[in-house]
Amino acid sequence: MMLRLRSRDGLERVIVENPHTTTVSELKRIIEAQLRIPVHNQTLSTNQNLLLAKSREDLHRFTDMANPDLTLSSLNLAHGSIVFLTYEGERHVAGPAFNPAGSFGRKMTMDDLIAKQMRVTRQENPHCELVSFDRDCANAFQHYVNDTLAFAVKRGGFMYGTVSEEGKVEVDFIYEPPQQGSEENLLFFRDPEEEKLVEAIAAGLGMRRVGFIFTQTISQDKKDYTLSNREVLQAAEYHAESGLKEWVTAVVKLEVNDDMSADVHFEAFQISDVCVRLFKEGWFETEIKEDDDPKLSKMKKDVVVGVKDTKEVDNDFFLVVVKISDHQGPLSSSFPIENRNTQMTMKALKNHLDRTKSLPFVKRISDFHLLLVLARVLDLNADVPALTACVHTQTSIPEGYQILIESMASTA
């Protein structure tokens, strides 16, 4: 069996007889015999971060191959697998056994070296411990895509809420930007001015943008993927833009049961760290052709997946599952939602205030979508912070603002 060894000298090969009986200790002796590196100087690991270790203390963190009696097969090492090697001291190379130009005598370019170091593996643990959806805002979103759009075209939005120190994300409202959805594509027409209002409202409520939510259509339910290549690309873009390590990507889909009944499902993921890095560094092919397999994301250069170099990565490698819960948040979601098919008018404000007459005024305006309508008219630097602070703390709205809001509603 051939194993590939990556060290500071490049990529080399050693031959072992039987992975089921060969132990870590024997592998070290083989490395000493074939590559002239003394056993006591070697540190081995299947983790590529070993090559970034700066001190002896750093080296001691890599313990997966520290037990000399482990067999190679128990470490899931097979023909062609890569083992990472670091060693102390200088190396004395005898004859042609070592070729610093790379494996098989081929001269390696800088691109080759970078690609060899870009290893795509599954990320086991999310940075987000749990995502909890406010029941009202989740229902308002799924009712629209189910009852009005019938899951025939895609719909999406940005989720806003809070992130705890433990990494729990709470989603309290969903902002739906201007957009156009089809069976396979979701295109946002980002409006910087509107987003400035959204961010000001969120800040006043003690919240921030925490994720991206979108629907998959009925036609996608028949496809054999969790997220398509287009969806991974879009999700990675928004995750990278956010700079938030707990950023959540949520998917809403209609699943048809055997008896032809259907249930709406929410699923939550994080885009893996390596996927966000690949996106930021421009590795993704962003032009997706009609005949491309939607299960696979294409790269511009080879990456290492498992033991092979490839330009196509299964999308599931980029997804880290996040647990889902729900809660009753501080806001309602009964006011008509922005950028949908209906034109927003002051009549909607009047109807909402009439419908909620029995509640304290602060409760009547504790709805993000209503606050967004008000923010279009009020002063962004003075009025919006003052109103949202009242909503955030659930304290009385000053009488002047009450009169102003009611007079706006009476113009309907």
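The residues of the chain are indexed from 1 along the displayed sequence.
Using a cut-off of 4.0 Å between Lys/Arg side-chain N and Asp/Glu carboxylate O, E338 and R376 are scored as not salt-bridged. Between E32 and R29 there is no salt bridge, since no side-chain nitrogen of the basic residue lies less than 4.0 Å from a carboxylate oxygen of the acidic one. Between R56 and E88 there is a salt bridge, since at least one side-chain N of the basic residue sits less than 4.0 Å from a carboxylate O of the acidic one. With respect to D314 and K295, no salt bridge is recorded, no charged nitrogen being found less than 4.0 Å from a carboxylate O. In summary, E195 and R209 engage in a salt bridge, as defined by a charged side-chain N under 4.0 Å from a carboxylate O. One finds no salt bridge joining E12 and R4 here, because no Lys/Arg side-chain nitrogen approaches an Asp/Glu carboxylate oxygen to under 4.0 Å. A salt bridge links R190 to E241: at least one charged side-chain nitrogen sits closer than 4.0 Å to a carboxylate oxygen.
Looking at E194 and N339, their side chains do bring a donor and an acceptor atom within 3.5 Å of each other. For N47 and S45, the side-chain atoms include no donor-acceptor pair closer than 3.5 Å. Between the side chains of Y160 and E199, at least one donor N or O lies within less than 3.5 Å of an accepting N or O. Side-chain contact, N315 with S297: a donor N or O sits under 3.5 Å from an acceptor N or O.
No side-chain heavy atom of M299 sits under 4.5 Å from any side-chain heavy atom of T310. Residues L331 and D134 fail the side-chain proximity criterion, which asks for heavy atoms closer than 4.5 Å. Residues N139 and H143 are in side-chain contact: their nearest non-hydrogen atoms beyond the backbone lie under 4.5 Å apart. The side-chain heavy atoms of L254 and D263, taken from C-beta on, include no pair separated by under 4.5 Å. Side-chain contact between R230 and P294: absent, with no pair of heavy atoms (C-beta onward) separated by less than 4.5 Å. In this structure, the side chains of Y175 and I337 stay at 4.5 Å or more apart for every pair of heavy atoms. Counting heavy atoms from C-beta on, the side chains of N229 and K298 never come closer than 4.5 Å. Side-chain contact check for V169 versus V171: some heavy-atom pair is nearer than 4.5 Å.
Using a 30° and 60° split on the angle between ring planes, F212 and F158 fall in the tilted class, from 30° to 60°.
Annotation: K245, atom NZ; neighbour count of heavy atoms from other residues, nucleotides and ligands within 6.0 Å does not exceed 12. Heavy-atom contacts from other residues, nucleotides or ligands closer than 6.0 Å to CG of D224 number 12 or fewer.
In this structure, R122 forms a cation-pi arrangement with F317, its terminal cationic atom sitting closer than 6.0 Å to the ring centre and no more than 45° off the ring axis. Taking the ring centre of Y144 as origin, the terminal cationic atom of R340 falls inside the region bounded by 6.0 Å and 45° from the ring axis.
For the atom pair CD (E129) and OG (S325), the distance works out to 12.0 Å, reported to the nearest 0.5 Å. Expressed to the nearest 0.5 Å, how far OG of S332 lies from CG of L359 amounts to 9.0 Å. Annotation: the span from L244 atom CG to H239 atom NE2 amounts to 7.0 Å, rounded to 0.5 Å. Rounding to the nearest 0.5 Å gives a distance of 12.0 Å between CD of Q270 and SG of C275. Atom OG1 of T215 sits about 10.0 Å away from atom CZ of F266, to the nearest 0.5 Å.
Just one of E184, E231, E183 meets the salt bridge (charged side-chain N to carboxylate O under 4.0 Å, His left out) condition when paired with K154; it is E231. Each of L85, L50, V83 was checked for a side chain to side chain contact (heavy atoms under 4.5 Å, CB included) with M65, and the lone residue meeting it is V83.
Proximity of a side-chain donor or acceptor of Q179 to a complementary backbone N or O of R155 within less than 3.5 Å is not detected.
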(request) Start with the C-alpha gap between S25 and T23, add the side-chain angles, then the distance that decides, and say whether side-chain hydrogen bond (donor to acceptor under 3.5 Å, both in side chains) holds. (result) CA-CA 5 Å; S25 170; T23 63; 4.6 Å; no
